[in-house]
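Note sheet for the following structure.
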Amino acid sequence: MNLPLESAYKLLMGEYGPQGWWPLFDLRQPDSQELDLQRGYHPGNYHYPQSEKQCFEIAIGSILTQNTSWVQVERALENLHQKGWLTPEKIVKADESSLKQAVRPAGYYNQKAERLQIIARFFLERKERRLSSSPPERSELLALKGVGPETADSILLYAFHEPEFVVDAYTRRLAVSLGWLQGCESYQEVKELFVAALPRDVHLFQEYHALIVTHLKKCPAHPKVQTQPPFYRSLKEKGCLLASLYRELA
DNA sequence: AACCAGGACGTGA
DNA sequence: TCACGTCATGGT
């Protein structure tokens with residue numbers, strides 16, 4: 001079975017262009033006309049993160065965004081930024097209650113505050129051992145409370161440029177709606193589908209995941225989980241890109 | 001006014 | 001291993 005994963009990628013890239021993930025707070029240009037730049041995206045520039053601080057910010061964001069929309073994460077990051085807390089040192093030392101207050105907009109603020117301190121401790125420890133320049137093992141990320149498979153892969157892919165494909169709810173939904181999956185597959189199985197069909201390329205992996213999210217945000221044309229066989233009809237009627245995706249791939 | 005958002009963990013079968 | 005409840009704020 002040879003699924004057209006690259007064709008889908010080309011269509012998405014042709015439609016939306018490079019997404020400039022992962023957005024970085026201290027990269028924001030408030031005066032820019034481009035909303036992307038205002039919000040810290042850096043389309044076409046793959047040279048980020050450029051500092052340990054930016055690297056850490058990606059890790060923080062990946063925790064905060066768990067089952068939460070990105071605008072909420074931006075508010076939490078805003079709070080942390082205003083306190084000057086977007087570093088492992090500050091997060092570790094922060095008192096519990098004000099950290100919770102800062103993180104509150106992102107939801108689950110009790111657990112997320114705790115888990116931010118856990119991952120901050122991890123970053124700090126790596127820094128003290130002068131390991132910051134080399135990527136952590138996936139297994140040691142997974143060992144941290146609050147870091148599951150998606151968060152680990154996000155950190156590795158976007159913060160450390162490791163070729164790990166990120167699978168999230170959108171990825172699964174797209175794959176299911178295109179008939180590539182049934183929907184009941186495990187994280188690893190979904191990941192394998194993409195990794196096996198694509199060249200192991202960091203920029204490709206970064207853009208593919210970002211494009212999937214962008215597309216399904218813009219075109220939430222399908223139910224959360226679609227376990228039925230491919231269903232072209234309902235989507236053609238939506239008039240969104242996914243319809244053309246279907247026609248191309250049919 | 002339900003439903004969902006760039007999940008992960010703890011528990012019991 | 002796996003299904004299920006829990007965590008929580010703010011948009012549509």
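The chains referred to below are lettered A, B, ... by the order of the sequence lines, with proteins before strands, and numbering in each begins at 1. Heavy atoms only: backbone and side chains are in, while hydrogens, waters and symmetry mates are out.
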Practice task
Would you mind classifying the nucleic acid contact of A:Tyr208 as base, sugar-phosphate or nothing, using non-hydrogen atoms under 4.0 angstrom?
Solution key: nothing

Problem - Donor on one side chain, acceptor on other, A:Ser98 and A:Lys83, under 3.5 Å - result: no

Exercise for the section: Taking atom types as modelled, find out whether A:Glu192 and A:Gln188 have a side-chain donor-acceptor pair closer than 3.5 angstrom. Expected result: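 Note: A:Glu192 and A:Gln188 side chains miss the donor-acceptor criterion.
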
Practice task
Answer with yes or no whether the hydrophobic clustering places A:Leu144 together with A:Val92; edges join I, L, V, M, F, W, Y residues whose side-chain heavy atoms lie under 4.5 Å apart.
Solution key: no

Ionic contact status for [Y] with [X], cut-off 4.0 Å:
X	Y	answer
A:Glu162	A:Arg138	no
A:Arg129	A:Glu125	yes
A:Lys53	A:Glu57	no
A:Glu74	A:Arg28	yes

Exercise for the section: Taking only heavy atoms on the protein side, list every residue of residues 136-155 of chain A lying under 4.0 Å from any atom of DNA chain B, sorted numerically. Expected result: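 Output list: A:Leu144, A:Lys145, A:Gly146, A:Val147, A:Gly148, A:Pro149, A:Glu150, A:Thr151.
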
Handout entry: Those residues of residues 51-66 of chain A lying under 4.0 Å from DNA chain B by at least one heavy atom
Key =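 Those residues whose heavy atoms fall under 4.0 Å from DNA chain B, taken from residues 51-66 of chain A in numerical order, are A:Thr65, A:Gln66.
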
Practice task
Could you say whether the aromatic ring of A:Tyr170 and the base of B:dG6 stack, counting only centre distances under 5.5 Å and plane angles under 30°?
Solution key: no

Could you pull out the protein-nucleic contacts involving nucleotides 1-3 of chain C (nitrogen or oxygen on both sides, under 3.5 Å)?
none

Handout entry: OP1 or OP2 of C:dA8 under 4.0 Å from side-chain N/O of A:Asn110
Key =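 Yes, within the criterion.
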
Practice task
Pull out every stem in DNA chain C, meaning runs of 3 or more consecutive Watson-Crick or G-U wobble pairs with both distances under 3.5 Å.
Solution key: B:7-13 with C:1-7

N/O to N/O distances under 3.5 Å, protein versus nucleotides 11-13 of chain B:
none

Distance check needed: [N] [atom2] versus [X] [atom1], whole Å only.
X	N	atom1	atom2	answer
A:Glu78	C:dT9	CD	C1'	17 Å
A:Gln111	B:dG7	CD	C1'	10 Å
A:Leu116	B:dA8	CG	P	14 Å
A:Glu114	B:dG10	CD	P	9 Å
A:Tyr108	C:dC7	OH	C1'	6 Å
A:Tyr109	B:dA8	OH	P	22 Å

Going by the angle between their ring planes, with limits at 30° and 60°, are [X] and [Y] parallel, tilted or perpendicular?
X	Y	answer
A:Trp21	A:Tyr41	tilted
A:Phe194	A:Phe165	parallel
A:Phe123	A:Phe56	perpendicular

Between the protein and nucleotides 10-12 of chain C, are there any N/O to N/O pairs under 3.5 Å, and if so, what are the atom names and distances?
from	atom 1	to	atom 2	distance (Å)
C:dG10	O4'	A:Gln72	NE2	2.7
C:dG10	O3'	A:Arg75	NH1	3.2
C:dG11	OP1	A:Arg75	NH1	3.0
C:dG11	OP1	A:Arg75	NH2	2.7

Practice task
Indicate syn or anti for C:dG11, taking the glycosidic torsion and treating anything within 90° of 0 as syn.
Solution key: syn

